[in-house]
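Residue numbers run from 1 in the order of the sequence given.
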Amino acid sequence: MKKIVIASDSFKGSVTSMEVADAAETAIKRIFPGCEVVKTAVADGGEGTIEALVGSLNGTIINCTIKGPLMEPVTAHYGILGDNTTAVIEMASASGLTLIPEEQRNPLLTSTFGTGELIKDALERGCRKFLIGIGGSATNDAGTGMLQALGFKFLNKENRELKNGGQILKNISAIDRSEVIPEVFNSNFTIACDVENPLTGPNGAAHVYAKQKGADDEMIAVLEEGMKHFAQVIAEREGKDIEKVPGA
């Protein structure tokens, strides 16, 4: 045996891609002492995406204190690649499932606000290209929390601003853009996602993913209703049909 390449994804909530590789290298060297071992960090858009890209593209890790899924302070990180204009962000770092004890997981309450705060921080540092990995989140709020952190406001039929979490989706009547950070509209966003599920329906966000984030059947029904309603509001107000977009 002359060469072995180790390219393993992380084990969720346990070990990183490179920790798997290091452990495998130790075992390989024990059996094949003269073997060359090549270790490569890989990720699928969830945990480890930042490290895999930053390490390969001469980037920098940025640490921030932001709001976690339940709006509590957490320390999260993202990467800026060597071009100094591209940010790599993991939802798992700011809005991840592993940030919440199992008994507190509730996608009616959890928010992507912290992910938006990371985007805001990167915008302030001059980034205009974003690669966002959406795996491993604790949320089912259709990205509303992320947008709120960037200045969007979601209003109910009484024109009052709504709070956070998947619970607000069914009550959204209007979207106020008046205080959105201007740089948002001059930036490019690419989503790293390894599934093709639509936003709604039996294969959609609520029915497929909400249970692993802490939802019971009653919550799933509420989230599905909210997703459909929010998609309808966007279709009416923004002229975009997001409901059946693959990966939505």
query: Is there a donor-acceptor pair under 3.5 Å between the side chain of E72 and the backbone N or O of K67?
result: no

- prompt: Is there a side-chain contact between F185 and R177 (heavy atoms, below 4.5 Å)?
  reply: yes

message: Looking at E196, I want to see if its CD is surrounded by more than 12 non-hydrogen atoms of other residues, nucleotides or ligands under 6.0 Å.
response: no

field: Note, R160 side chain near K153 side chain (heavy atom, < 4.5 Å)
entry: no

message: Set out, in order, the CA-CA distance, both residues' side-chain angles and the distance that settles side-chain hydrogen bond (donor to acceptor under 3.5 Å, both in side chains) for T115 and S95, then state yes or no.
response: CA-CA 6 Å; T115 299; S95 311; 2.8 Å; yes

message: In the structure I gave you, are the side-chain heavy atoms of I62 and H77 within less than 4.5 Å of one another anywhere?
response: no

query: Can you find a heavy atom in the side chain of F113 that is under 4.5 Å from one in the side chain of D141?
result: no

- request: Return the minimal non-hydrogen interatomic distance between T98 and R105, and the atom names on each side.
  value: CA-NH2, 4.3 Å

- prompt: Within a radius of less than 6.0 Å around CD of E103, do more than 12 heavy atoms belonging to other residues, nucleotides or ligands occur?
  reply: yes

query: Yes or no on side-chain hydrogen bond (donor to acceptor under 3.5 Å, both in side chains) for S187 and K129, after CA distance, side-chain angles and deciding distance?
result: CA-CA 6 Å; S187 299; K129 298 177 183 177; over 6 Å; no

message: Check this for me: K163, atom NZ, are more than 12 non-hydrogen atoms of other residues, nucleotides or ligands nearer than 6.0 Å?
response: no

message: Are R128 and L123 packed together at the side-chain level, in the sense that at least one heavy-atom pair is separated by less than 4.5 angstrom?
response: yes

task: Measure the acute angle between the ring planes of F130 and F189, then classify it against the limits of 30° and 60° as parallel, tilted or perpendicular.
output: parallel

message: Tell me if a side-chain donor or acceptor on K228 pairs with a main-chain N or O of T200 at a distance below 3.5 Å.
response: no

message: Between N140 and A142 (side chain of the first, backbone of the second, donor and acceptor by atom type, cut-off under 3.5 Å), is there such a pair?
response: no

